[in-house]
*Asks:* 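Take this structure first; my questions come after.
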Amino acid sequence: MVTRLPLLLSLASAAPALSSRQTAAAQVVKLSSIENVAVRSNGQVLATNMNSANLYTIDPVAKTSKTAIAVTGASGLSGIAEYLPDVFVVIGGKGIYKVDFTGAAPKASLIKTITEASNLNGLATFDNNTVLVADAGKGTVYRFDITTGAYASVLTDATMAPSGSIPFGIDGIKYRDGVVWYTNIFKNSFHKVAVDPVTAKATGPYTTLWTNLMGDDLCFGPNGKIYVATNGKNSLVEVDPAVGKPTSVGSVTGSTSCAFGRTEKDKNVAYVGASAGVFAVTIKV
């Protein structure tokens, strides 16, 4: 797996003039180069690092972290998504792994290796047996069956194509209500496409929302908005799906990913993975 460039500053073009209602970001824990985050139903935050096989678990109340499990066979971890209650899929190199927290201790197992992959990065839950896997090196999205390990490329478009010195294209990806939302990090762009709810193949045009703000990974908020980590632009932005205009809601250096809390106390808190650890941004509603 290709190591991400520090903050990617040299590859980010000038950002648009953002409207802002920023709140201060509070550091939850200090960890190096967090790539992606997910939140368990018990409120614990899971975090990955592209240079480590350790999947970290973070207590956002106690502000402590530890290794939940080392994923054997992976040299580093990137995208992570929950597809069944407390059961997650995580990308480790070209391998797609299952991490199960339902027992007394977490268990990790390899589901399948996508041998022809170039640089797997983003991951999105499609249904309770299927995930979408973004290949940043090839500019394509695989539909991956968790039970059988069968996979196929279902989405490919110029908006996903790689560029830059790595090269790297489609990065963050999420799916909801028949629409795939995704970023292209080195093209500083954000996009969406309507897809078939069974095959995940495109049923409409690939639409560009912006081309002048770096976007890394993204998450859905409880208010129906989308939140995008901007990496080298050091922020978390909010996007109204109906409008597509980004509004800065938090300042986080080297922000890479986000996920919202799942308890009553932190349901409006976005946990943001970043170059220096995990931060909490409270969203004003």
*Asks:* Just how far is it from atom CD1 of I80 to atom CG of L55, taken to the nearest 0.5 Å?
*Replies:*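 Nearest 0.5 Å value for the CD1-CG distance: 5.0 Å.
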*Asks:* Looking at K94 and A117, would you say the former's side chain and the latter's main chain have a donor-acceptor pair under 3.5 Å?
*Replies:*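 Side chain of K94 to backbone of A117: a pair is present.
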*Asks:* Could you grab the distance from atom CG of N49 to atom CG of N36, nearest 0.5 Å is fine?
*Replies:*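 CG of N36 is found 11.5 Å from CG of N49.
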*Asks:* Looking only at heavy atoms, what is the nearest atom pair of T102 and P85, with distance?
*Replies:*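 Result for this residue pair: CG2-O, 3.6 Å.
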*Asks:* Could you pull out all residues at least two apart from Y151 that satisfy ring-ring contact (aromatic ring centres under 6.0 Å, His included)?
*Replies:*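 Y151 satisfies ring-ring contact (aromatic ring centres under 6.0 Å, His included) with Y142 once adjacent residues are dropped.
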*Asks:* Pair L120, D135 - check side chain to side chain contact (heavy atoms under 4.5 Å, CB included), show working.
*Replies:* CA-CA 4 Å; L120 301 181; D135 190 334; 3.9 Å; yes
*Asks:* Minimum heavy-atom separation for A136 to P162, with atom names?
*Replies:*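 The pair with the smallest heavy-atom distance is O-CB, 3.4 Å.
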*Asks:* Could you give the distance from CZ (F220) to CG (D177), rounded to the nearest 0.5 Å?
*Replies:*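 Output value for this atom pair is 8.0 Å.
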*Asks:* On a heavy-atom basis, which atom in L218 and which in F190 lie closest, and how many Å separate them?
*Replies:*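 The pair with the smallest heavy-atom distance is CD1-CE1, 4.2 Å.
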*Asks:* State, yes or no, whether a side-chain contact exists between I170 and N184 at a heavy-atom distance under 4.5 Å.
*Replies:*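 A side-chain contact under 4.5 Å is absent here.
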*Asks:* Which value, rounded to the nearest 0.5 Å, describes the distance between T247 atom OG1 and D240 atom CG?
*Replies:*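 Spacing of OG1 (T247) from CG (D240) equals 8.5 Å.
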*Asks:* If you look at every heavy atom in P106 and A68, which pair is closest and at what distance?
*Replies:*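 Taking every non-hydrogen atom into account, CG-O, 3.4 Å.
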*Asks:* Looking at E116, is its backbone amide N or carbonyl O close enough to the side chain of K138 to form a donor-acceptor pair, meaning the two atoms are under 3.5 Å apart?
*Replies:*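 Yes.
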*Asks:* Which heavy-atom pair separates S251 from A25 by the least distance, and what is that distance?
*Replies:*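 Scanning both residues completely, I find the closest heavy atoms to be O-CB, 3.5 Å.
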*Asks:* Show the numbers, then the answer: is there a side chain to side chain contact (heavy atoms under 4.5 Å, CB included) between V195 and Y175?
*Replies:* CA-CA 9 Å; V195 300; Y175 169 80; 3.5 Å; yes
*Asks:* Run the side-chain hydrogen bond (donor to acceptor under 3.5 Å, both in side chains) check on S248 and S235 step by step: do they pass?
*Replies:* CA-CA 7 Å; S248 182; S235 63; 4.6 Å; no
*Asks:* Any side-chain heavy atom of S255 sitting closer than 4.5 Å to one from D216?
*Replies:*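 The answer is no, as the side chains (C-beta and beyond) never meet within the 4.5 Å cut-off.
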*Asks:* Under the ring pair (Phe, Tyr, Trp, His ring centres under 6.0 Å) test against Y227, which residue among W181, Y271, F260 passes?
*Replies:*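 Only match with Y227 under ring pair (Phe, Tyr, Trp, His ring centres under 6.0 Å): F260.
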*Asks:* Parallel, tilted or perpendicular: which one describes the rings of F88 and F101, with boundaries at 30° and 60°?
*Replies:*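 Judged by the thresholds at 30° and 60°, the geometry between F88 and F101 is perpendicular.
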*Asks:* Do V87 and K98 come within less than 4.5 Å of each other through their side chains, counting heavy atoms only?
*Replies:*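 Result yes, sub-4.5 Å side-chain heavy-atom pair found.
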*Asks:* Quick one: disulfide bond (SG atoms under 2.5 Å apart) pairs with a partner in residues 156-242, sequence neighbours left out?
*Replies:*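 Passing the test, one end in residues 156-242: C219-C258.
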*Asks:* Taking side chain as C-beta onward, heavy atoms only, is M160 less than 4.5 Å from H191?
*Replies:*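 M160 does not reach H191 side chain to side chain.
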*Asks:* If a pair satisfies disulfide bond (SG atoms under 2.5 Å apart) and one of its residues is in residues 72-184, list it, with sequence neighbours excluded.
*Replies:*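 Passing the test, one end in residues 72-184: no pairs.
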*Asks:* Using the side-chain contact (heavy atoms from CB on, under 4.5 Å) criterion, which residues pair with N42? Sequence neighbours excluded.
*Replies:*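 With neighbours one apart ignored, the set is R40, Q44.
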*Asks:* Please set out all donor-acceptor pairs under 3.5 angstrom arising from side-chain atoms of residues 123-134, sequence neighbours excluded.
*Replies:*
residue	atom	partner	partner atom	Å
T125	OG1	E82	O	2.8
D127	OD1	N129	N	2.8
D127	OD1	T130	N	2.8
D127	OD1	T130	OG1	2.8
D127	OD2	T130	OG1	3.3
N129	OD1	T147	N	3.2
N129	OD1	T147	OG1	2.4
N129	ND2	D145	OD1	3.2
N129	ND2	D145	OD2	3.2

*Asks:* Contact between N268 and P222 at the side-chain level, heavy atoms closer than 4.5 Å - yes or no?
*Replies:*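 Yes, their side chains come closer than 4.5 Å.
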*Asks:* Are T211 and K187 side-chain neighbours, meaning at least one heavy-atom pair lies under 4.5 Å?
*Replies:*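 No. Closest side-chain heavy atoms not under 4.5 Å.
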*Asks:* Start with the C-alpha gap between I114 and I96, add the side-chain angles, then the distance that decides, and say whether side chain to side chain contact (heavy atoms under 4.5 Å, CB included) holds.
*Replies:* CA-CA 8 Å; I114 301 179; I96 308 298; 4.1 Å; yes
*Asks:* I want to check something: taking the side chain as every heavy atom from C-beta on, are V278 and Y56 in contact at a cut-off of under 4.5 Å?
*Replies:*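 V278 vs Y56: side chains apart.
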*Asks:* Any non-hydrogen side-chain atom of V28 less than 4.5 Å from a side-chain atom of V45?
*Replies:*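 No, every pair of side-chain atoms sits at 4.5 Å or beyond.
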*Asks:* Do W210 and I226 belong to the same hydrophobic cluster, where Ile, Leu, Val, Met, Phe, Trp and Tyr are linked whenever their side-chain heavy atoms lie under 4.5 Å apart, directly or via other members?
*Replies:*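 The answer is yes; both residues are in one hydrophobic cluster.
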*Asks:* Measure from the side-chain N and O atoms of T48 to the backbone N and O of S78, and report whether any donor-acceptor pair falls under 3.5 Å.
*Replies:*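 Checked: pair present.
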*Asks:* Where do V193 and A202 come nearest, in terms of heavy atoms and distance?
*Replies:*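 Minimum heavy-atom separation between V193 and A202: CG2-CB, 3.8 Å.
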*Asks:* Can you sort out the partners of K267 under salt bridge (Lys or Arg N to Asp or Glu O under 4.0 Å), two or more places apart, ordered by chain and number?
*Replies:*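 Only E264 meet the salt bridge (Lys or Arg N to Asp or Glu O under 4.0 Å) criterion with K267.
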*Asks:* Checking L213 against V237 for the side chain to side chain contact (heavy atoms under 4.5 Å, CB included) test, could you report, in this order, the C-alpha distance in whole Å, the side-chain angles of both residues, the deciding distance, and whether it holds?
*Replies:* CA-CA 10 Å; L213 176 65; V237 300; 4.2 Å; yes
*Asks:* Would a distance-only check, ignoring hydrogens and angles, find a side-chain to backbone donor-acceptor pair under 3.5 Å from T256 to E35?
*Replies:*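 Yes, because the side chain of T256 sits within donor-acceptor range (under 3.5 Å) of the backbone of E35.
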*Asks:* Rounded to the nearest 0.5 Å, what separates atom CD1 in I91 from atom CZ in F144?
*Replies:*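 CZ of F144 is found 10.0 Å from CD1 of I91.
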*Asks:* Just verifying a value: how many Å separate I166 CD1 and F186 CZ, rounded to the nearest 0.5 Å?
*Replies:*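 It is 4.0 Å, given to the nearest 0.5 Å.
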*Asks:* List the steps, then state whether salt bridge (Lys or Arg N to Asp or Glu O under 4.0 Å) holds for K174 with D217.
*Replies:* CA-CA 9 Å; K174 290 293 180 285; D217 217 319; 3.2 Å; yes
*Asks:* Is there a path of hydrophobic side-chain contacts, each under 4.5 Å between heavy atoms of I, L, V, M, F, W or Y residues, that connects V39 with I34?
*Replies:*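 In one cluster: yes.
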*Asks:* Closer than 3.5 angstrom, by distance alone: can the side chain of D266 be matched with the main-chain N or O of V269 as a donor-acceptor pair?
*Replies:*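 Here the side-chain-to-backbone pair does not exist.
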*Asks:* Using the rule that two of Ile, Leu, Val, Met, Phe, Trp, Tyr join whenever any of their side-chain heavy atoms come within less than 4.5 Å, decide whether L110 and V71 are in one cluster.
*Replies:*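 In one cluster with L110: V71, yes.
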*Asks:* Identify whether V239 and I173 are in the same connected component of the hydrophobic contact network (ILVMFWY, side-chain heavy atoms under 4.5 Å).
*Replies:*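 In one cluster: no.
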*Asks:* Verify the cluster assignment for I58 and F279: are they in a single hydrophobic cluster under the rule of side-chain heavy atoms below 4.5 Å apart?
*Replies:*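 Per the 4.5 Å side-chain linkage, I58 and F279 are not co-clustered.
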